[in-house]
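Below is one structure; the comments refer to it alone.
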2 protein chains.
Amino acid sequence: MPDSDYPDIRELDIFKDMQNEHFQSLMRGAYVQNFPAQIELITEGEPSDFLHIVLSGTVDLFSTWNNRETSMATVRPISTFILAATIKDAPYLMSARTLEKSRIALIPSQDVRAVFDADNDFARAIVTELAQCYRSVIKAQKDLKLRSSLERLANYLLRQQKRSGGAPSFDLALEKRRLASVLGMTPENLSRAIKGLQPYGVMVTGTHVTIEDQDDLERFAKPNPLIDDHTT
Amino acid sequence: MPDSDYPDIRELDIFKDMQNEHFQSLMRGAYVQNFPAQIELITEGEPSDFLHIVLSGTVDLFSTWNNRETSMATVRPISTFILAATIKDAPYLMSARTLEKSRIALIPSQDVRAVFDADNDFARAIVTELAQCYRSVIKAQKDLKLRSSLERLANYLLRQQKRSGGAPSFDLALEKRRLASVLGMTPENLSRAIKGLQPYGVMVTGTHVTIEDQDDLERFAKPNPLIDDHTT
DNA sequence: GCAAACGCTTGATCTTTATCAAGTGAGGGG
DNA sequence: CCCCTCACTTGATAAAGATCAAGCGTTTGC
């Protein structure tokens with residue numbers, strides 16, 4: 001693994017407080033690989049051999065059952081994924097694929113578990129990270145169970161707006177059909193839902209979104225930090 | 001807090017490996033309280049003052065938004081809840097209410113965080129616990145997004161059957177209307193869904209369930225350990 | 001012991017969402 | 001440059017689920 005990747009990884013919350021010696025020992029066994037788009041990195045049900053870190057690009061976490069498929073989350077740089085499976089030494093619950101050309105660091109799971117046992121600061125950082133992940137999924141589940149698809153879309157747009165700086169105009173970070181899957185609806189219904197938000201001043205052309213009447217949309221969407229604020 | 005409650009709590013995965021001194025210091029600040037049914041123990045959005053442990057009875061974790069409410073999970077003895085909020089010192093994401101007369105231990109969150117910083121075994125146990133919780137929610141989300149309500153009910157029955165020993169006959173652990181909420185449907189639709197499973201040999205009278213043709217139901221339900229096995 | 005309350009069920013109807021089929025438009029390769 | 005592919009859209013239809021209203025049976029409390 002090229003040393004130039006170290007600083008980016010070292011700065012991650014999960015690694016930044018750990019002893020340098022332990023960090024180095026993690027990096028020794030790690031390697032970095034460039035993947036093209038649409039490559040399946042891991043498959044649900046398989047043993048968790050590596051902790052993955054997205055250095056650049058985008059990764060989709062998805063699950064399948066009975067010939068159906070759904071997107072669970074999208075991972076963007078710089079962050080890890082499938083931490084829980086690595087820690088528990090349990091099979092992956094989700095599959096992962098690259099959505100675009102991506103650079104991924106792979107750290108052998110057994111190294112992570114070994115350092116986890118040796119470095120208390122690392123163990124603590126992992127607790128914080130897992131608690132964060134847990135709370136994010138709970139929020140996603142509240143979104144799913146308490147809101148209609150139109151409400152989910154409206155709140156997604158508001159979240160994405162905030163994430164991209166807060167201006168009235170911004171870009172969708174996802175292909176529409178993948179966004180549909182994330183929001184738990186079909187692509188057809190996403191199209192219709194976008195139309196359904198026009199009366200609230202939402203204009204979408206291609207991947208570009210303009211919110212013409214912020215208040216109007218927020219009155220409809222009723223965003224709530226206990227569902228929509230993924231930083232706490 | 002009566003010493004007689006100590007052993008039960010001490011045996012929890014999360015406490016069983018920690019130093020006795022630290023366990024004692026947690027217990028010093030803790031207290032146990034008996035609550036009647038239908039008492040709201042915590043309210044979402046409030047700061048997480050206490051880690052809760054259900055010693056007996058049943059607790060429902062639920063969430064609300066825009067005058068809607070949904071059950072997120074049911075907590076049974078002996079286990080903790082709202083661990084993530086305690087660790088992160090963040091507001092509760094869910095509310096909790098007793099479903100029946102319940103005995104609850106309350107440990108001040110700041111004590112938990114203090115001992116978490118001092119006791120590495122405790123910190124490690126919490127990681128395992130959180131990873132477990134995280135994976136459970138992911139499974140619940142897959143259940144929600146990949147299955148119809150009839151399929152969710154069928155798989156819930158199979159899970160409940162296994163939990164209660166595996167016999168063809170067993171009891172629902174929940175009021176039907178609460179089960180409906182857990183499964184993400186209305187009570188009316190749960191009634192109809194139960195009827196809808198009759199062709200697969202499911203008989204329900206009151207809270208008592210009999211699965212007359214196990215294979216037939218499983219062929220329909222297609223249970224999958226990556227969704228339905230909450231022990232891994 | 002009786003009446004009120006409540007949980008559950010049922011039927012009718014409406015809304016939401018999915019499915020199927022076809023068409024449009026932009027981008028990429030020959 | 002044109003055609004093919006593919007994502008997206010649109011419309012028609014079907015299925016799934018929610019809502020509303022009423023009724024039934026059990027429990028609860030005076």
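Proteins come first, then strands; the chains are lettered A, B, ... in the order of their sequence lines, and each starts at number 1.
Mapping heavy-atom proximity under 4.0 Å, the span of DNA chain C touched by chain B runs 5' to 3' from C:dG7 to C:dA12. Using a 4.0 Å cutoff to heavy atoms of chain B, the contacted part of DNA chain D runs 5' to 3' from D:dG17 to D:dC20.
Heavy-atom minimum distance, B:Ser181 versus B:Ser71: OG-N, 2.8 Å. Here the closest heavy-atom approach between residue A:Ala85 and residue A:Pro91 is recorded as CB-O, 4.1 Å. Between A:Tyr200 and A:Asp216, the shortest heavy-atom distance links the atoms CA-OD2, 3.8 Å.
Using a 4.0 Å cut-off between a side-chain N of Lys or Arg and a carboxylate O of Asp or Glu, B:Arg219 and B:Asp213 do not qualify as a salt bridge.
Residues from residues 174-184 of chain A that place a heavy atom under 4.0 Å from any atom of DNA chain D, listed by number: A:Glu175, A:Lys176, A:Arg177.
In summary, the side chains of A:His208 and A:Ser169 do present a donor paired with an acceptor at a separation below 3.5 Å, with no hydrogens or angles considered. Side-chain contact check for B:Ser164 and B:Gln161: no donor-acceptor pair (N or O, by modelled atom type) lies under 3.5 Å. Using a 3.5 Å distance cut-off with no hydrogens or angles, the side chains of A:Gln160 and A:Arg163 do pair a donor with an acceptor. Using modelled atom types and a 3.5 Å distance limit, the side chains of A:Ser48 and A:Thr86 yield no donor-acceptor pair. For B:Ser109 and B:Asp49, the side-chain atoms include no donor-acceptor pair closer than 3.5 Å.
Residue pairs meeting the salt bridge (charged side-chain N to carboxylate O under 4.0 Å, His left out) criterion with at least one partner in residues 80-98 of chain B, sequence neighbours excluded, are B:Asp60-B:Arg97, B:Glu69-B:Arg97, B:Asp89-B:Arg113.
Note that the two end axes of the helix from C:dG1-D:dC30 to C:dG30-D:dC1 enclose an angle of 30°, each drawn from 5 base pairs, rounded to 10 degrees.
A search for side chain to side chain donor-acceptor pair (under 3.5 Å) contacts involving B:Asn155 returns nothing, not counting sequence neighbours.
For the pair A:Ser148 and A:Glu188, both in contact range of DNA chain C, the more 5′-proximal nearest nucleotide belongs to A:Ser148.
Counting heavy atoms from C-beta outward, A:Leu197 and A:Phe220 have side chains that approach closer than 4.5 Å.
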